[in-house]
Amino acid sequence: DAKTTQPPSMDCAEGRAANLPCNHSTISGNEYVYWYRQIHSQGPQYIIHGLKNNETNEMASLIITEDRKSSTLILPHATLRDTAVYYCIVRGETGRRALTFGSGTRLQVQP
Amino acid sequence: GAVVSQHPSRVICKSGTSVKIECRSLDFQATTMFWYRQFPKQSLMLMATSNEGSKATYEQGVEKDKFLINHASLTLSTLTVTSAHPEDSSFYICSARDPYKGAKETQYFGPGTRLLVL
């Protein structure tokens, strides 16, 4: 699985968009970008994933650059409940293997 | 979405005792389950992969005789920490894979079990 790089922490004002970047310059053609988050003392929660097109669901949007070497997770209107550690994970589209978690980005949403 | 439960949510035990943690997939059959461990202020680290009906595959550095994994049914995997010591105190999280869901939401995570060994 390709290595990912994320900033260790970010702050965001409540109600504003939170844009979380992820670099994955060694991503290969068949690898997807997944985003999970972990709220304190809970198990990780799936957010979104994509291959090369931008994706949107009820939780977030995922913007992947054309060269696929980086992506941005967008929480359009952050709330205090979005305070969590966000993990960007790159891997192939098989669920047979475990996910490899890096150190993620700790997002603090401020009131 | 699919639900994975863990029991107990937290446990305190004396050093030298064994602790069993259950991981259940509530509305799907999980052919594969994963066990992770997370120490304070650190990320999740994979301990082992549990496949229904076969032996678990352990990651390097994880003692298979200390962390016994049983995946006897498609909805239940158990992790037993044998002869627990204070350094085993951690947050144990399982995840389960729904083979019929394909890649999307490949794994569903349980809420975690916090183990404190005194």
Side-chain angles (χ1 to χ4, degrees), chain A residues 1 3-9 22 27-53 55-60 62 64 83-108, chain B residues 1-6 9-10 21 23-25 28 30-52 54 56-59 62 77 90-116:
Chain A
D1 299 332
K3 178 179 168 57
T4 63
T5 304
Q6 299 177 252
S9 64
C22 179
I27 190 170
S28 61
N30 63 347
E31 288 184 315
Y32 285 68
V33 180
Y34 289 84
W35 283 84
Y36 282 76
R37 73 180 182 184
Q38 185 180 25
I39 295 171
H40 182 62
S41 295
Q42 297 183 24
Q45 176 190 22
Y46 167 85
I47 301 174
I48 198 167
H49 83 294
L51 182 62
K52 53 183 177 181
N53 296 323
E55 302 287 343
T56 296
N57 63 20
E58 63 278 4
M59 290 183 68
L62 174 60
I64 303 174
T83 292
V85 178
Y86 287 77
Y87 297 98
C88 169
I89 300 170
V90 171
R91 56 166 293 166
E93 197 188 14
T94 172
R96 293 184 182 276
R97 293 182 296 112
L99 294 168
T100 301
F101 288 82
S103 51
T105 295
R106 184 173 298 277
L107 175 68
Q108 180 70 50
Chain B
V3 177
V4 174
S5 70
Q6 281 185 243
S9 57
R10 60 176 58 219
I21 302 170
C23 176
R24 293 181 184 274
S25 55
F28 66 99
T31 54
T32 304
M33 291 185 172
F34 305 96
W35 286 97
Y36 297 80
R37 180 169 53 181
Q38 185 176 32
F39 292 106
K41 299 189 185 301
Q42 294 186 23
S43 190
L44 284 77
M45 295 297 294
L46 178 68
M47 298 177 67
T49 300
S50 170
N51 294 301
E52 188 267 337
S54 64
T57 303
Y58 290 82
E59 294 300 297
V62 178
S77 176
S90 188
F91 192 47
Y92 292 85
I93 306 168
C94 72
S95 71
R97 170 180 173 263
D98 183 345
Y100 299 104
K101 278 282 181 82
K104 187 176 182 180
E105 299 185 57
T106 54
Q107 293 173 31
Y108 304 96
F109 286 83
T113 296
R114 190 161 300 282
L115 170 64
L116 176 60

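Convention: sequence-line order gives letters A, B, ...; per-chain numbering from 1.
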Worksheet item: Given side chains that start at C-beta, do those of B/Phe109 and A/Tyr46 come closer than 4.5 Å, heavy atoms only?
Response: no
Worksheet item: So what's closer than 4.5 Å to chain A heavy atoms on B/Gln6: side chain, backbone, both or neither?
Response: neither
Item to complete: Working to the nearest 0.5 Å, report the span between CZ of A/Phe101 and CD of B/Gln38.
Response: 9.0 Å
Discussion item. Just so I know, are the side chains of A/Pro44 and B/Tyr36 near enough to count as touching, which here means a heavy-atom distance under 4.5 Å?
Written reply: no
Discussion item. Less than 4.5 Å to any heavy atom of chain A: does that hold for the side chain of B/Leu46, its backbone, both, or neither?
Written reply: side chain
Worksheet item: Heavy-atom distance under 4.5 Å to chain B: side chain of A/Gln38, backbone, both or neither?
Response: side chain
Worksheet item: Which pair of non-hydrogen atoms, one from B/Gln107 and one from A/Ala98, has the smallest distance, and what is that distance?
Response: NE2-CA, 3.6 Å
Practice prompt. Answer with side chain, backbone, both or neither: which region of A/Thr100 has an atom nearer than 4.5 Å to a non-hydrogen atom of chain B?
Written response: neither
Worksheet entry | ring pair (Phe, Tyr, Trp, His ring centres under 6.0 Å) partners of B/Phe91, counting only residues at least two apart | none
Worksheet item: When rounded to the nearest 0.5 angstrom, what distance separates NZ in B/Lys41 from OG in A/Ser103?
Response: 14.0 Å
Worksheet item: For B/Arg24, what residues pass the salt bridge (charged side-chain N to carboxylate O under 4.0 Å, His left out) criterion, not counting sequence neighbours?
Response: B/Glu22
Fill in: Option that, when pairs with chain A are counted at under 4.5 Å, heavy atom only, ranks first among B/Leu44, B/Thr57, B/Ile93, B/Val4
B/Leu44
Worksheet item: In terms of heavy-atom contacts, does CE of A/Met59 have more than 12 from other residues, nucleotides or ligands at under 6.0 Å?
Response: yes
